[in-house]
Amino acid sequence: MCGRFTITVTIGLPERFGVAHCKVPLLPRYNIAPSQPVPVITHPFGSIRECQEMTWGLIPSTSKDPTHSPRPINARAETLHERSTFRPLLSSRRCLIPATGFYEWVRSGKSSIPYYIHCKNGDFFALAGLWDAWKAPDGLFRKTFTIITTRPNPLVARYHDRMPAILLPENEARWLDFMTPSNKELKELLSPYPEEYLTAHRVSLAVNDPMHEDASLIKRDEGGVLPV
DNA sequence: CCAGACGTTGTT
DNA sequence: GTCTGG
DNA sequence: CCAGACGTTGTT
DNA sequence: GTCTGG
């Protein structure tokens, strides 16, 4: 699945994702966790692409009291069209979440061992997401999003049975297009990202604590005997 | 019809 | 908004 | 995702 | 065990 990710590089991010003027602060992030603000790319109908901050963990616009409702951080690609929470968002609330890597954990007894998965060449990639705006009692809108998950490619399957839906660069515009993809096309867009572009290595247990945020988190850690 | 919920993950 | 349960 | 808390009352 | 917070 996808419960933590990174944006280790911010130089060139607006250009890479077709955003002319990015109004949100772009800082390197080494441990992005649910509930945190994250830069998200949208393409409003009849306008240009935008990059805005949204909170990770979806609060549907119809939510009455989000305090005590689930805020899904992931949505299964296989069942998007049959989930009442996600289906209404498929037509006009698709978004891209820029990233340079993500973490997956392997449970080992009482502890969880983190692995870092990223592009071999260090490129950005775009996670496929859905967002919504919820009107708070104060009248302000809270924008939130969820990351779509899909089957793992063989590389990620060594660590987990799910992985985030990473879009092929040539498909990113289609995902944002106001012409909603058919179910068939959605399935294709959200298929597992090819493993040959990715690599993975074990990292420090320091990643487990979302308070830890420094660049050393993504360094290789020769800690043990678990899978590469 | 209306009322009420609406998620994923991993673990047992 | 849409689906499920009663 | 993992880590950490998990309560109420009355008083300052 | 389960919920909340980051």
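FYI, side chains are in, hydrogens and waters are out, and symmetry mates aren't considered; it's all heavy atoms of this structure. Chain identifiers are assigned alphabetically (A, B, ...) following the order of the sequence lines, protein sequences preceding nucleic acid strands; residue numbering begins at 1 within each chain.
- To the nearest whole angstrom, the two C1' atoms, one in B:dA5 and one in E:dG5, are 24 Å apart.
- For A:T149 and B:dT9, the shortest distance from a side-chain N or O to OP1 or OP2 is below 4.0 Å.
- Among the nucleotides D:dC1, B:dG10, B:dT8, the one closest to any side-chain atom of A:D161 is B:dG10.
- Both A:C2 and A:K64 lie near DNA chain B, and the one whose nearest nucleotide falls closer to the 5' end is A:K64.
- A:M211 forms part of no hydrophobic cluster, judged by ILVMFWY side-chain heavy-atom separations under 4.5 Å.
- E:dC3 and B:dC6 are spaced 13 Å apart, taking the P atom of each and rounding to whole Å.
- When A:I147, A:I97, A:I166, A:I73 are each tested for a side chain to side chain contact (heavy atoms under 4.5 Å, CB included) with A:C2, only one passes: A:I147.
- Within 4.0 Å (heavy atoms only), A:S63 reaches no atom of the nucleic acid at all.
- For DNA chain C, the contact window with chain A, defined by any atom under 4.0 Å from a protein heavy atom, covers C:dG1 to C:dC3 in 5' to 3' order.
- Between A:R93 atom CZ and B:dC6 atom P there is a gap of 22 Å when expressed in whole angstrom units.
- Ion pairing between a basic and an acidic side chain is recognised when a charged N comes within 4.0 Å of a carboxylate O; A:R16 and A:E172 show such pairing.
- Listed here is the closest heavy atom pair of A:Q52 and A:T42: NE2-OG1, 3.3 Å.
- Counting non-hydrogen atoms under 4.0 angstrom, A:S112 reaches the backbone sugars and phosphates but no base.
- Of all the residues in residues 24-38 of chain A, not one reaches under 4.0 Å from DNA chain C with any non-hydrogen atom.
- Rounded to whole Å, the P atom of E:dG6 lies 32 Å from the corresponding atom of B:dG4.
- We find the CD1-OG1 distance between A:I117 and A:T100 to be 12.5 Å, quoted to the nearest 0.5 Å.
- Taking 4.0 angstrom as the limit, A:H160 places a side-chain polar atom (N or O) nearer than this to OP1 or OP2 of B:dG10.
- Residues from residues 69-87 of chain A that place a heavy atom under 4.0 Å from any atom of DNA chain C, listed by number: A:S84, A:R87.
- Annotation for A:D209 and A:R4: closest pair C-NH1, 4.4 Å, computed over non-hydrogen atoms.
- B:dG7 and E:dT2 have their C1' atoms separated by 16 Å, given to the nearest Å.
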With Watson-Crick and G-U wobble geometry limited to distances under 3.5 Å, how should the secondary structure of DNA chain B be encoded in dot-bracket form, using | for bases paired to another strand and [ ] for crossing pairs? ||||||......

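- The hydrophobic cluster containing A:F45, built from Ile/Leu/Val/Met/Phe/Trp/Tyr side-chain heavy atoms closer than 4.5 Å, also comprises A:F178, A:M179.
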Side chain to side chain contact (heavy atoms under 4.5 Å, CB included) between A:Y103 and A:I218: does it pass, once the steps are laid out? CA-CA 9 Å; A:Y103 297 104; A:I218 62 172; 3.3 Å; yes

